[in-house]
K.L.:
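Have a look at this one before I ask anything.
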Amino acid sequence: MRFLGLIVFLFCFNVNAGELSAPQIAVEKYFEYFNNKDKNALDAALDKPFIFNIAGKVTRWDNYHEAVDFDGLEKSGWSYSRILKNELIYADDITAMVDVTFSRFNISNEPILKSEVVYFLVQRNGVWKIKSGFINENVSLGK
């Protein structure tokens, strides 16, 4: 009976091994908040100050709502964003890096942008927060 229990435990462990890590889930939540245009949730999801390196230009914000202009994004055609790849590339007890490929879509569900960003996350009081993002190309935040 113990042997059967061990087999069931190992099977469950292997099934769960393919699930997203906590830092990857934090990134998924960030995209959810972004799509909902929830500036308060975005501010809470990010560590302060938040640093963005977009196409070599480094910017720093104390609150993410200062960085993004949803009206400007919508004028550019953006309706929502979707993660295409969400890969944990490094993690220890307090830091992590997640490589994300995402697309922005217009209201007709047509892709208008595809880009890659690497997020650096830190753990604060048991919660993973995005500290910085690195994008090689020029991706607008609507401003």
Side-chain angles (χ1 to χ4, degrees), residues 1-70 72-74 76-142:
M1 189 57 130
R2 286 185 186 177
F3 180 73
L4 180 59
L6 178 61
I7 290 173
V8 169
F9 170 77
L10 290 174
F11 177 77
C12 291
F13 178 78
N14 286 333
V15 169
N16 291 333
E19 292 180 4
L20 295 177
S21 69
Q24 289 172 286
I25 292 169
V27 170
E28 295 267 344
K29 292 302 253 179
Y30 162 78
F31 271 78
E32 178 184 324
Y33 303 148
F34 194 92
N35 285 335
N36 291 335
K37 299 180 266 185
D38 188 339
K39 292 181 179 183
N40 291 329
L42 284 166
D43 284 346
L46 302 171
D47 194 50
K48 298 174 185 171
F50 175 73
I51 309 295
F52 231 144
N53 183 329
I54 300 175
K57 181 180 178 195
V58 178
T59 51
R60 175 186 184 257
W61 294 284
D62 289 324
N63 294 295
Y64 190 75
H65 71 264
E66 299 169 358
V68 67
D69 177 4
F70 288 110
L73 281 173
E74 288 173 337
S76 75
W78 173 82
S79 178
Y80 65 95
S81 300
R82 180 183 305 144
I83 293 175
L84 306 173
K85 177 186 84 171
N86 182 348
E87 180 182 343
L88 182 69
I89 55 176
Y90 174 80
D92 60 30
D93 292 342
I94 58 171
T95 63
M97 294 184 84
V98 177
D99 184 11
V100 172
T101 301
F102 69 96
S103 281
R104 288 183 178 168
F105 293 85
N106 64 21
I107 197 148
S108 300
N109 297 316
E110 298 166 330
I112 57 173
L113 172 109
K114 181 177 178 183
S115 189
E116 183 174 11
V117 57
V118 174
Y119 290 109
F120 176 72
L121 295 93
V122 294
Q123 193 173 145
R124 302 277 188 229
N125 300 318
V127 177
W128 286 100
K129 294 184 176 261
I130 299 174
K131 180 68 175 173
S132 57
F134 304 87
I135 302 176
N136 285 332
E137 58 199 283
N138 193 9
V139 174
S140 173
L141 294 175

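Note that these values count all heavy atoms, side chains included, but never hydrogens, waters or copies made by symmetry. Owing to the predicted nature of the structure, the values given are computational and were not obtained by experimental measurement.
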K.L.:
Distance from S132 atom OG to L121 atom CG, nearest 0.5 Å?
P.N.:
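Those atoms lie 8.5 Å apart.
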K.L.:
Would you say that L73 contacts F34 through its side chain, given a criterion of any heavy-atom pair below 4.5 Å between the two side chains?
P.N.:
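Answer yes - side chains close enough.
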K.L.:
For the pair D69 and L141, evaluate side chain to side chain contact (heavy atoms under 4.5 Å, CB included) and give the outcome as yes or no after the intermediate values.
P.N.:
CA-CA 6 Å; D69 177 4; L141 294 175; over 6 Å; no
K.L.:
Does the D43 side chain pair with the main chain of H65, one donor and one acceptor, at a distance under 3.5 Å?
P.N.:
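Judged by distance alone, yes, a pair lies under 3.5 Å.
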K.L.:
CZ of F50 to CD1 of I130: how many Å apart, nearest 0.5 Å?
P.N.:
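Between atom CZ of F50 and atom CD1 of I130 there are 6.5 Å.
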K.L.:
Provide the full list of ring pair (Phe, Tyr, Trp, His ring centres under 6.0 Å) pairs with a residue in residues 85-107, sequence neighbours left out, each pair given once.
P.N.:
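Residue pairs passing ring pair (Phe, Tyr, Trp, His ring centres under 6.0 Å), neighbours aside: F31-F102, Y80-F105.
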K.L.:
Name all residues meeting the side-chain contact (heavy atoms from CB on, under 4.5 Å) criterion together with I25; count only those two or more places apart in sequence or in a different chain, and write none if there are none.
P.N.:
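With neighbours one apart ignored, the set is L20, K29.
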K.L.:
Give me the atom names and distance for the closest heavy-atom approach of S76 to I112.
P.N.:
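That would be O-CD1, 4.3 Å.
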K.L.:
From M97 CE over to F120 CZ, what is the distance, rounded to the nearest 0.5 angstrom?
P.N.:
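So the gap between those two atoms works out to 7.0 Å.
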K.L.:
State the CD1-CD distance between I83 and E32, to the nearest 0.5 angstrom.
P.N.:
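Going from CD1 on I83 over to CD on E32, the span is 10.5 Å.
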K.L.:
What's the spacing between I51 CD1 and L46 CG if we round to 0.5 Å?
P.N.:
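Here the rounded value is 11.0 Å.
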K.L.:
If you measure from CG on L42 to CZ on F70, what distance do you get to the nearest 0.5 Å?
P.N.:
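Atom-to-atom, L42:CG and F70:CZ are 5.5 Å apart.
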K.L.:
Run the side-chain hydrogen bond (donor to acceptor under 3.5 Å, both in side chains) test against Y119 and tell me which residues pass, sequence neighbours left out.
P.N.:
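If we apply the side-chain hydrogen bond (donor to acceptor under 3.5 Å, both in side chains) test to Y119, skipping adjacent residues, there are no hits.
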K.L.:
Would you find a donor on one side and an acceptor on the other, under 3.5 Å apart, between the side chain of N106 and the backbone of G77?
P.N.:
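Side chain of N106 to backbone of G77, a donor-acceptor pair under 3.5 Å: no, none is there.
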K.L.:
Show the nearest heavy-atom pair for residues D92 and I94, with the distance to one decimal.
P.N.:
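Looking at all heavy atoms of both residues, the closest pair is OD1-N, 2.9 Å.
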K.L.:
Are the side chains of I54 and N138 in contact, using a 4.5 Å heavy-atom criterion?
P.N.:
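Touching, per the 4.5 Å side-chain cut-off.
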K.L.:
How about Y64 and Y33: does a side-chain donor come under 3.5 Å of a side-chain acceptor?
P.N.:
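The answer is no; no qualifying pair exists.
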K.L.:
Does anything in residues 101-119 form a salt bridge (charged side-chain N to carboxylate O under 4.0 Å, His left out)? List the pairs, not counting sequence neighbours.
P.N.:
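Counting only pairs at least two positions apart or across chains, the salt bridge (charged side-chain N to carboxylate O under 4.0 Å, His left out) contacts touching residues 101-119 are K85-E116.
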K.L.:
Sequence neighbours left out, what pairs pass salt bridge (charged side-chain N to carboxylate O under 4.0 Å, His left out) with at least one residue falling in residues 117-129?
P.N.:
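Pairs touching residues 117-129 that pass the test: D47-R124.
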K.L.:
With a cut-off of 6.0 Å (strictly less than), are more than 12 heavy atoms of other residues, nucleotides or ligands near CG of N136?
P.N.:
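Open: at most 12 neighbouring heavy atoms sit under 6.0 Å from CG of N136.
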K.L.:
Donor-acceptor pairs are to be reported for all side-chain atoms of residues 55-63 against protein atoms at under 3.5 Å, with residues two or more places apart or in another chain.
P.N.:
{"from": "T59", "atom 1": "OG1", "to": "F52", "atom 2": "O", "distance (Å)": "3.4"}
{"from": "N63", "atom 1": "OD1", "to": "K48", "atom 2": "NZ", "distance (Å)": "3.3"}

